[in-house]
Amino acid sequence: MTVRPSPPPGSPTVVASSVLAAPPDVVWREIGTMAGVDAELWPWLRMTAPPGARLDPETVVLGERLFRSRLLLAGVLPVDYDDLTVVHLAPGEFLERSRMLSAPVWEHHRTVVAHDGGSRLSDRVRFEPRLPWASRPHRALVAAVFTHRHRRLRHRFGDAAAGATRAG
């Protein structure tokens, strides 16, 4: 197992959290598939994946690249890639530490926990930009993508607390 290092201290960070009306097991089951990821990203982005790819503790080998996913703008134009590598996976939680074209170190920590009859889904993304001078716009773009993802999640699963999402 080759685990990529975490981004260095002071790396750009984006945090987003939403309170959803659906229970954690329902949310987790849906977001653990590439179709679920694409539903969050659409219509801005789509991620390619081998057929049937999912975050399944039975099949994921921690610390090893699962596959290379191409990120397609509007579902067609390749704009980045993600060497998807999961380093921790448990019910309701994963930690991805991957390499991307735009970021040699990309860390995405997602949790889904029970909250007031529904669930709270939280994302923390930290990354080391390939182009350090582009750190601020890169962070702004990642924040916009995760704001969009959480808007889509609230639409899909119900918004249990209007205004409970924060990205930034």
Side-chain angles (χ1 to χ4, degrees), residues 4 7 11-22 26-55 60 65-86 89 92-112 118-168:
R4 304 188 69 67
S11 293
T13 301
V14 171
V15 176
S17 183
S18 291
V19 178
L20 306 172
V26 170
V27 173
W28 185 252
R29 186 172 47 248
E30 294 297 316
I31 65 170
T33 66
M34 291 308 294
V37 171
D38 282 345
E40 292 177 39
L41 294 169
W42 191 255
W44 287 17
L45 295 168
R46 184 174 75 79
M47 292 180 69
T48 64
R54 64 179 294 115
L55 293 175
V60 169
R65 183 179 89 161
L66 301 176
F67 52 87
R68 175 169 280 184
S69 175
R70 287 183 172 50
L71 280 76
L72 306 174
L73 183 65
V76 293
L77 181 66
V79 292
D80 207 341
Y81 68 77
D82 182 355
D83 282 336
L84 189 65
T85 306
V86 176
L89 181 59
E93 181 179 21
F94 78 82
L95 177 61
E96 170 197 359
R97 198 171 291 139
S98 300
R99 179 181 54 210
M100 299 181 73
L101 177 63
S102 61
V105 181
W106 169 270
E107 184 178 86
H108 177 195
H109 183 224
R110 175 170 270 191
T111 59
V112 181
S119 56
R120 176 179 293 279
L121 186 148
S122 299
D123 289 302
R124 185 193 77 222
V125 177
R126 295 185 321 144
F127 59 94
E128 180 181 3
R130 190 165 301 278
L131 304 171
W133 56 266
S135 178
R136 185 171 284 167
H138 191 167
R139 186 197 169 285
L141 180 61
V142 171
V145 168
F146 275 84
T147 295
H148 172 74
R149 288 180 79 161
H150 278 259
R151 188 178 317 112
R152 301 271 299 168
L153 285 162
R154 289 189 314 275
H155 178 74
R156 182 173 185 182
F157 296 109
D159 186 352
T165 297
R166 165 177 77 85

Trainee: S122 side chain to T111 main-chain N or O, any donor-acceptor pair under 3.5 Å?
Mentor: no
Trainee: Evaluate the side-chain proximity of T85 to R97: yes if any heavy-atom separation is below 4.5 Å, no if none is.
Mentor: no
Trainee: Can you sort out the partners of E128 under salt bridge (Lys or Arg N to Asp or Glu O under 4.0 Å), two or more places apart, ordered by chain and number?
Mentor: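 With neighbours one apart ignored, the set is empty.
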Trainee: Checking the side chain of S98 only, and the main-chain atoms of D83 only, is there a donor and an acceptor separated by less than 3.5 Å?
Mentor: yes
Trainee: Out of curiosity, H108 NE2 to L84 CG, how far, rounded to the nearest 0.5 Å?
Mentor: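 Taking NE2 in H108 and CG in L84, the distance rounds to 10.5 Å.
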Trainee: Starting at CG of L121, measure out to NE2 of H150 and round the result to the nearest 0.5 Å.
Mentor: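 Result: 5.0 Å between the selected atoms.
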Trainee: Would you please say whether a donor-acceptor pair under 3.5 Å links the side chains of S11 and R126?
Mentor: no
Trainee: Do R149 and L41 pass the side-chain contact (heavy atoms from CB on, under 4.5 Å) test, and can you show the C-alpha distance, the side-chain angles, and the key distance before you say yes or no?
Mentor: CA-CA 6 Å; R149 288 180 79 161; L41 294 169; 3.7 Å; yes
Trainee: Heavy atoms, side chains only, cut-off 4.5 Å: are H138 and F127 in contact?
Mentor: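 A side-chain contact exists here, since the closest heavy-atom pair is under 4.5 Å.
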Trainee: Can you tell me how far CG of D159 sits from CZ of R151, rounded to the nearest 0.5 angstrom?
Mentor: 11.5 Å
Trainee: Determine whether D80 and W106 satisfy the following criterion, side-chain contact (heavy atoms from CB on, under 4.5 Å), listing intermediate values before the conclusion.
Mentor: CA-CA 12 Å; D80 207 341; W106 169 270; over 6 Å; no
Trainee: Which pair of non-hydrogen atoms, one from P104 and one from P129, has the smallest distance, and what is that distance?
Mentor: CD-C, 4.0 Å
Trainee: Considering non-hydrogen atoms only, spot the tightest contact between A160 and A21 and give its length.
Mentor: CB-N, 3.8 Å
Trainee: Excluding sequence neighbours, so at least two apart, what forms salt bridge (Lys or Arg N to Asp or Glu O under 4.0 Å) with R110?
Mentor: E40, D123
Trainee: What residues, two or more places apart in sequence or in another chain, satisfy side-chain contact (heavy atoms from CB on, under 4.5 Å) together with E30?
Mentor: R156, F157
Trainee: Before you tell me yes or no, could you show the steps for L20 and V112 under side-chain contact (heavy atoms from CB on, under 4.5 Å), namely the whole-Å CA-CA distance, both residues' side-chain angles and the distance that decides it to 0.1 Å?
Mentor: CA-CA 10 Å; L20 306 172; V112 181; over 6 Å; no
Trainee: With sequence neighbours excluded, what pairs up with R29 under the side chain to side chain donor-acceptor pair (under 3.5 Å) test?
Mentor: none
Trainee: List for me each residue that meets side-chain contact (heavy atoms from CB on, under 4.5 Å) alongside A53, sequence neighbours excluded, and say none if there are none.
Mentor: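 With sequence neighbours excluded, A53 shows a side-chain contact (heavy atoms from CB on, under 4.5 Å) to M34, A49, P50, F67, given in chain and number order.
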Trainee: I'd like to check L71 versus L101 (side-chain heavy atoms, cut-off strictly below 4.5 Å). Are they in contact?
Mentor: no
Trainee: Just to verify, what does D38 make a side chain to side chain donor-acceptor pair (under 3.5 Å) with, not counting sequence neighbours?
Mentor: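 So D38 forms no side chain to side chain donor-acceptor pair (under 3.5 Å) with any residue.
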Trainee: My understanding is that only residues two or more places apart in sequence, or in another chain, count here; which of them pass side chain to side chain donor-acceptor pair (under 3.5 Å) with R124?
Mentor: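 Side chain to side chain donor-acceptor pair (under 3.5 Å) check on R124 returns E107.
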Trainee: Who passes side chain to side chain donor-acceptor pair (under 3.5 Å) against S69, sequence neighbours left out?
Mentor: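 For S69 there are no side chain to side chain donor-acceptor pair (under 3.5 Å) partners, ignoring immediate neighbours.
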Trainee: Please check: side-chain N/O of R152 versus main-chain N/O of A39, any donor-acceptor pairing under 3.5 Å?
Mentor: yes
Trainee: Output all residues satisfying side-chain contact (heavy atoms from CB on, under 4.5 Å) with R70, sequence neighbours left out; order by chain, then residue number.
Mentor: T48, R68, L72
Trainee: Sequence neighbours left out, what passes side-chain contact (heavy atoms from CB on, under 4.5 Å) with L55? Give chain and number order.
Mentor: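 L55: side-chain contact (heavy atoms from CB on, under 4.5 Å) contacts with V86, L89, F94.
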Trainee: Please report the closest heavy-atom contact between A22 and V26, naming both atoms and the distance.
Mentor: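 It is CB-CG1, 4.4 Å.
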Trainee: Run the ring pair (Phe, Tyr, Trp, His ring centres under 6.0 Å) test against W42 and tell me which residues pass, sequence neighbours left out.
Mentor: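 Here no residue qualifies.
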Trainee: Any heavy-atom pair between the side chains of S102 and R130 that's under 4.5 Å?
Mentor: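 Of all side-chain heavy-atom pairs linking S102 with R130, none is under 4.5 Å.
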